[in-house]
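Here is how names work: the chains are called A, B, and so on, in the same order as the sequence lines, proteins then strands, and each is numbered from 1. In what follows, every heavy atom counts, from backbone to side chain, and hydrogens, waters and symmetry copies are set aside.
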2 protein chains.
Amino acid sequence: MLKIAKSVEYALLALKYIHERQDLDCVSTKVISDSVVIPYELLAKIMQRLVKDEIIISQQGTKGGYKLAVPPDKINITRIINAVEQKVQVTDCLVETPTLNDCKRYQDCCLRNPLNQIQIKINKLFDELTLGEIIQYN
Amino acid sequence: MLKIAKSVEYALLALKYIHERQDLDCVSTKVISDSVVIPYELLAKIMQRLVKDEIIISQQGTKGGYKLAVPPDKINITRIINAVEQKVQVTDCLVETPTLNDCKRYQDCCLRNPLNQIQIKINKLFDELTLGEIIQYN
DNA sequence: TCATATACGACTTAAAAAGTCCGATATAAA
DNA sequence: TTTATATCGGACTTTTTAAGTCGTATATGA
Ligand code: SF4
Ligand code: SF4
């Protein structure tokens, strides 16, 4: 339990690869997919979401690809998680406006508050960790 | 992502219920299952695991059931997570002895160290949170 | 105008989590 | 001593979610 989605890992690995190839004008999904070994179609979708959140800039057509829109130090992990449409959600009830459909217990559950505190602290960990700090390894 | 297993929540809710009924000699799975609204068979399995880890004591036969083996302040959430056979595992590679089967990248992955740091911090949150702190709510 | 790239949505498959079933043993009370 | 009610333990099925795939459209440099 408490696993991070592969799409988040793939996004981080791809962003690291792009950063390492700053010398090039841009890097295509194909090249990243082959180098980092990520399923092409899956990575393509992830790249598009990173574009939508303006973490990377796309260049369409032949010789197209992606380059970083922002220096790695300016991007935290929370932003990447949001970009790839993932959510840190420790329980079913920890959504903006919970309903009985999320969890029948949410109105008087003694777990909700303490687990929300855990979630807040986990969110803080991702807020304070930047892409820059991650790609400095290896 | 990063969701806590329902079996952990059920364990916590059941333990809270047992604690509230300290006056009784012991509480049966049936009673807990009906009161807290947890599928009977599923809860039964969870109770057995809590017995195995000596968090609760079982009384078999008619008029049987369970009672707490330890005061709630002395039980932290990590122990309950372990008892119900769940693991905090942020990535596929964060196991005792990772192999290429866990993740083909584990030998030179820049994510492994930073994500392990996250996992260590999450584990610390569960280490420092006791059942006693949770059941004081409501 | 052609080859190679991104863009976007729908779909399928695989893995994990949640829930169920079954046959056994234990024990208090009738 | 029989019966009803409980725990015990494993195997199994179902449901849900995550991961991965496919198809078609559009952009653009050579
Ligand atoms: S209300 Fe309680 S049981 Fe339901 S999802 Fe939230 S924490 Fe879990
Ligand atoms: S090695 Fe890297 S990519 Fe593989 S599971 Fe670990 S962190 Fe994720």
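Judged by distance alone, with hydrogens and angles left aside, the side-chain atoms of B:Q89 form a donor-acceptor pair with the main-chain N or O of B:D92 at under 3.5 Å. Judged purely by atom type and a 3.5 angstrom limit, A:T130 has no side-chain atom pairing as donor or acceptor with the backbone of A:N76.
The CD-C1' distance, from B:Q48 to D:dA6, rounds to 11 Å in whole Å. Atom CD of A:E9 is separated from atom C1' of D:dG20 by 16 Å (rounded to the nearest Å). Note: CZ (A:R49) to P (D:dG20) measures 13 Å, nearest angstrom. As rounded to whole Å, 12 Å separates atom P of D:dT16 from atom NZ of B:K3. Atom CD in B:Q86 sits roughly 12 Å away from atom P in C:dA16 (whole-Å rounding). For B:D92 and D:dA19, the CG to C1' distance is 11 Å, given to the nearest whole Å. The CG atom of A:L2 sits 13 Å away from the C1' atom of C:dA17 (whole-angstrom rounding). The separation between B:M47 atom CE and D:dG9 atom P is 14 Å, rounded to whole Å.
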Annotated protein contacts, base or backbone, on nucleotides 23-30 of chain C with a non-hydrogen cut-off under 4.0 Å, one of B, S, - each: ---BBB--

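Dashed line: the shortest gap from a side-chain N or O of A:S58 to OP1 or OP2 of C:dA7 is under 4.0 Å. Between D:dT7 and B:Y40, a contact under 4.0 Å exists linking OP1 or OP2 to a side-chain N or O. Regarding contacts with the backbone of D:dG20, a side-chain N or O of A:Y10 is found under 4.0 angstrom from either OP1 or OP2. Residue B:T29 has a polar side-chain atom (N or O) positioned under 4.0 Å from OP1 or OP2 of D:dT7.
Nearest nucleotide to the side chain of B:E41, out of C:dC22, D:dG23, C:dA18: C:dC22. Distances were taken from every side-chain heavy atom of B:P39 (C-beta onward) to each of C:dG19, D:dC8, D:dG20; the shortest belongs to C:dG19.
Closest heavy-atom contact between A:V70 and A:E54: CG2-O, 3.8 Å. Closest approach of B:E128 to B:E133, counting heavy atoms only: O-OE2, 3.3 Å. Nearest approach of B:I46 to B:A11, heavy atoms of both residues: CG2-CB, 3.8 Å. Here the closest heavy-atom approach between residue B:I18 and residue B:K67 is recorded as CG2-CA, 3.9 Å.
When heavy atoms are screened at a 4.0 angstrom cut-off, A:K45 is found touching base atoms of the nucleic acid. A:A5 comes within 4.0 angstrom of the backbone, heavy atoms only, and of no base.
The pair B:K30-B:D34 meets the salt-bridge criterion, since a charged nitrogen lies less than 4.0 angstrom from a carboxylate oxygen.
Nearer the 5' end of DNA chain D, as judged by each residue's closest nucleotide, is the contact made by B:G64, out of B:G64 and A:L42.
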